[in-house]
Amino acid sequence: MFAGRYLWWMLIAIAIFLFFTMCFDYVTWLTVVSSGCARIAGSCGPIIVTMTGSMKPSGVYLAGGIILVVTLARIHYLSMNWIWGVIVAIWFVASAPFPLLLANGWTGQLKPETVLDGLPVAFLFFVIFCAYIGWSFEESGARPFGAWRALRTIISVTAVYGALLALSEAPAFATIPGRVLGEMRLSTSIAALQPGLHDVLTLWAGRDTFAYIVFAVFVVGLAASLLPQNLEELRARFVPPFMLRGSRQ
């Protein structure tokens, strides 16, 4: 999936999410009013339950599914390693509850401290990565993550750290084996290992300060990979605008 289509589908998914989280309640209200169910006691309940309990969550899941699918398609189009698909899926699952938390801001029930407390680092990794792969690498001929091996290693290590941190923080990874495979013992074991893994990844600090430092390194690495990877290209891109008019050849 090339960059233009990727960005188009991402915007469509965001629009769907905003519609179902912020506007769909008004659609439900309009449906109830226009149906005239208020004339018969108890007849509005099934309509409200269907629209808010089934249709609204389905729309949110649809938006999330589009984002995940097009991101994986973009990774495949750029011929990136399949491990990046696994890392992105881990980030996506770990950060899935946060957008639903943000949806409460529309009703005025969300406080800034609640946002900061509920903000998973995996969400930041996921958003920055999705923005990064939206760059038109296929048009500029650039290579994702750059050509420098050291820079690619730094990006990969920080991304793996973000995935491990997501595994240690998200309760969903402990419940999935029990729900899907029926392995309750495995779920219990994973849940017991998560706090210890989180302590190791955060250096027993009890906070995500070190995680944010790693995230900052990840962002700087991605930004650096977009710069010219050799002196000739760097000179061709940045020197001419500062040269005197008569000195150009």
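Note that this is a predicted model, so its numbers are computed, not measured.
Residues F17 and L62 fail the side-chain proximity criterion, which asks for heavy atoms closer than 4.5 Å. Residues V70 and R5 form no side-chain contact, since every pair of their non-hydrogen atoms from C-beta on lies 4.5 Å or further apart. With a 4.5 Å cut-off on side-chain heavy atoms, T202 and F210 do not count as touching. You'll find the side chain of E169 reaches within 4.5 Å of the side chain of D208, heavy atoms only. The shortest distance between side-chain heavy atoms of Y6 and Y77 does not fall below 4.5 Å.
Residue pairs meeting the side chain to side chain donor-acceptor pair (under 3.5 Å) criterion with at least one partner in residues 122-133, sequence neighbours excluded, are Y132-S225. Sorted by first and then second residue, the side chain to side chain donor-acceptor pair (under 3.5 Å) pairs involving residues 155-167 (not counting sequence neighbours) form an empty list.
Taking Y61 as the reference, nothing meets the ring-ring contact (aromatic ring centres under 6.0 Å, His included) condition, with sequence neighbours excluded. In this structure, the ring-ring contact (aromatic ring centres under 6.0 Å, His included) partners of F126, at least two apart in sequence or on a different chain, are F92. With sequence neighbours excluded, the residues satisfying side chain to side chain contact (heavy atoms under 4.5 Å, CB included) with V160 are I87, L164.
One N or O on the side chain of S34 and one on the backbone of T31 form a donor-acceptor pair closer than 3.5 Å. At least one donor-acceptor pair under 3.5 Å links the side chain of R152 to the backbone N or O of P144.
To the nearest 0.5 Å, atoms CE (M80) and CG (L72) are separated by 10.5 Å. Distance check: C130 SG to L7 CG gives 10.5 Å after rounding to the nearest 0.5 Å. Between the CZ atom in R74 and the CH2 atom in W84 there is a gap of 14.5 Å [rounded to 0.5 Å]. To the nearest 0.5 angstrom, W91 atom CH2 is 10.5 Å from L124 atom CG. Between the CD1 atom of I66 and the CH2 atom of W9 there is a distance of 6.0 Å, given to the nearest 0.5 Å. In this structure, D25 CG and L30 CG are separated by 12.5 Å, a value rounded to the nearest 0.5 Å.
Shortest non-hydrogen contact noted between F20 and K56 is O-CE, 3.1 Å. For the residue pair V27 and M51, the shortest heavy atom distance occurs at CG1-CE, 4.0 Å. L167 and Q194 make their closest contact through O-NE2, 2.7 Å (heavy atoms, listed as atom of the first residue, atom of the second, distance). Minimum heavy-atom separation, A211 to L165: CB-CD2, 3.4 Å. Scanning all heavy atoms of the two residues, the minimum distance from I16 to G59 falls at CG2-O, 3.6 Å. The heavy-atom pair separating A166 from A122 by the smallest distance is CB-CB, 3.8 Å.
Exactly one residue among L226, L222, L151, N81 makes a side-chain contact (heavy atoms from CB on, under 4.5 Å) with F145. That residue is L222.
When hydrophobic clusters are built by joining Ile, Leu, Val, Met, Phe, Trp and Tyr residues whose side-chain heavy atoms come closer than 4.5 Å, directly or via intermediates, V157 is not grouped with I155. Under the 4.5 Å side-chain heavy-atom criterion for grouping Ile, Leu, Val, Met, Phe, Trp and Tyr, W82 is connected to I90 within one hydrophobic cluster. Both L203 and F218 sit in one connected hydrophobic cluster of ILVMFWY residues. Membership requires side-chain heavy atoms under 4.5 Å apart, directly or through other members. Tracing side-chain contacts under 4.5 Å through hydrophobic residues (I, L, V, M, F, W, Y), one reaches Y212 starting from L201; they form part of the same cluster. Taken together through direct or relayed side-chain contacts under 4.5 Å among Ile, Leu, Val, Met, Phe, Trp and Tyr, V86 and I75 form part of one hydrophobic cluster.
Through chains of ILVMFWY side-chain contacts below 4.5 Å, I154 is grouped with V217.
Between F125 and F215, the ring-plane angle classifies as perpendicular under the 30° and 60° cut-offs.
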